[in-house]
Structure formats: structure tokens, C-alpha cells
Amino acid sequence: QVQLVESGGGSVQAGGSRRLSCTVSGYSFSGADGSRYCMAWFRHGAGNEREGVAVINGADRPSYADSVKGRFTISKDNALNTLFLKMKSLQFEDSAMYYCAAEVWSSGSCPDPWNISNDYNYWGQGTQVTVSS
């Protein structure tokens, strides 16, 4: 059973940085199944729809939403079996509940487009990030 648990959220001042973690159980990043999973970060801010933030495929190739490109970095640590989202130059508009998501996709790729939440069956419970001015 695949389970995702996010952590690392909290309050941060505008311009600051934060690193979110998503610890995964139920499959190993470095195992035979690891390369088959597409993993993503989504966020849901007040009054907004759930938005895809970043994705990383089985070959560790990342893609980003235009709103975070150059500021956010998605990565995986195989030893920790953990997905990260490193965020810098945070803005008030980045305030949201952040979720990690995973799905098995063909040949270790990701859905195209990758930012459709319905394409992911495995979700964490979310971690709140609040950016204050």
C-alpha cells in the first residue's frame, strides 16, 4: 500500500525559503518499481483550484509550473525514499496547502500534461505553507 506523508510546512516571511518533504512507503525509489512512478507537488490556496507546482518522472527529469520556475526545485532522495520541494523567494501568492502525489505511469514518464490532479491516485494529507509580508 502506497502512502505519502508530507512535512516541512509552516510560516515564512516573504522572500524566505522553505523545504517540504514527502516520505513515501509502499515502494522503493531505488527498487524495480521506483522508476515507474511519476511524483508531483500540487498546492491548493484559498479561493484557488488545486494547482500543479512541480513534477519529477522516473528518470528524475523535473518540470515546473511557470509561476514557480526558477524559485522551486523538486528532487528525490533514494536513500531516504523521500520527495522534496525546495522553495525560495517565497511570495504571498505561494501560501497554500501543499500536497505530494504519485502515480504509476508508462515507461517511467509522467502524464502529459502533468498537472491534472485526477491523473494521480496516491496523495498525502498535505502540509500548510503560509507566507507573510
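What's counted below: heavy atoms across the whole structure, side chains too, no hydrogens, waters or symmetry copies.
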Problem set entry | Asn81 (side chain) donor-acceptor with Tyr27 (main chain) under 3.5 angstrom | yes
For this session: Would you check if the side chain of Arg71 reaches a backbone N or O of Ser89 as a donor-acceptor pair within less than 3.5 Å?
Result: yes
Seminar exercise, completed: Note: with side-chain heavy atoms under 4.5 Å as the link, the other cluster members for Leu80 come out as Phe84
Do you reckon [X] sits in the same ILVMFWY cluster as [Y], going by side-chain contacts under 4.5 Å, direct or chained?
X      : Y      : answer
Phe72  : Phe42  : no
Met97  : Leu20  : no
Tyr99  : Val24  : no
Leu83  : Met87  : yes
Trp114 : Trp105 : no

For this session: Identify, with sequence neighbours excluded, every residue that meets side chain to side chain donor-acceptor pair (under 3.5 Å) alongside Arg50.
Result: none
Exercise. Who are the side chain to side chain donor-acceptor pair (under 3.5 Å) partners of Asn121, not counting sequence neighbours?
Worked result: Glu103
For this session: Start with the C-alpha distance between Ser67 and Glu93, add both sets of side-chain angles, then the distance that settles side-chain hydrogen bond (donor to acceptor under 3.5 Å, both in side chains), and finish with yes or no.
Result: CA-CA 10 Å; Ser67 58; Glu93 293 74 21; over 6 Å; no
Distance-minimising heavy-atom pair for [X] and [Y]:
X      : Y     : answer
Phe29  : Asp77 : CD2-O, 3.7 Å
Ala102 : Leu4  : N-CD1, 3.9 Å
Val131 : Phe92 : O-CD1, 3.3 Å
Thr82  : Ser21 : CG2-CB, 4.0 Å

Within the 4.5 Å heavy-atom criterion, are [X] and [Y] side-chain neighbours or not?
X      : Y     : result
Ser132 : Val12 : no
Pro111 : Cys38 : yes
Val2   : Tyr37 : yes
Val68  : Glu51 : no
Val53  : Leu85 : yes

Exercise. Residues two or more places apart in sequence or in another chain: which of them pass side chain to side chain contact (heavy atoms under 4.5 Å, CB included) with Ser11?
Worked result: Thr130
Residues 57-65, side-chain donor-acceptor partners within the protein, below 3.5 Å, at least two apart:
| unit_1 | atom_1 | unit_2 | atom_2 | d |
| --- | --- | --- | --- | --- |
| Asn57 | OD1 | Ala59 | N | 3.0 |
| Asn57 | OD1 | Asp60 | N | 3.1 |
| Asn57 | OD1 | Arg61 | N | 2.8 |
| Asp60 | OD1 | Lys76 | NZ | 3.0 |
| Tyr64 | OH | Ile74 | N | 3.0 |

Donor-acceptor contacts under 3.5 Å from residues 122-129 side chains, at least two apart:
| unit_1 | atom_1 | unit_2 | atom_2 | d |
| --- | --- | --- | --- | --- |
| Trp123 | NE1 | Tyr120 | O | 2.8 |
| Gln125 | NE2 | Glu6 | O | 3.2 |
| Thr127 | OG1 | Gly9 | N | 3.0 |
| Gln128 | NE2 | Ala96 | O | 3.4 |

Exercise. Between atom OG of Ser28 and atom CG of Asp33, what is the distance when rounded to the nearest 0.5 Å?
Worked result: 9.0 Å
Problem set entry | Audit row: Arg18, Asp94, salt bridge (charged side-chain N to carboxylate O under 4.0 Å, His left out) steps and yes/no | CA-CA 11 Å; Arg18 200 85 183 179; Asp94 296 317; over 6 Å; no
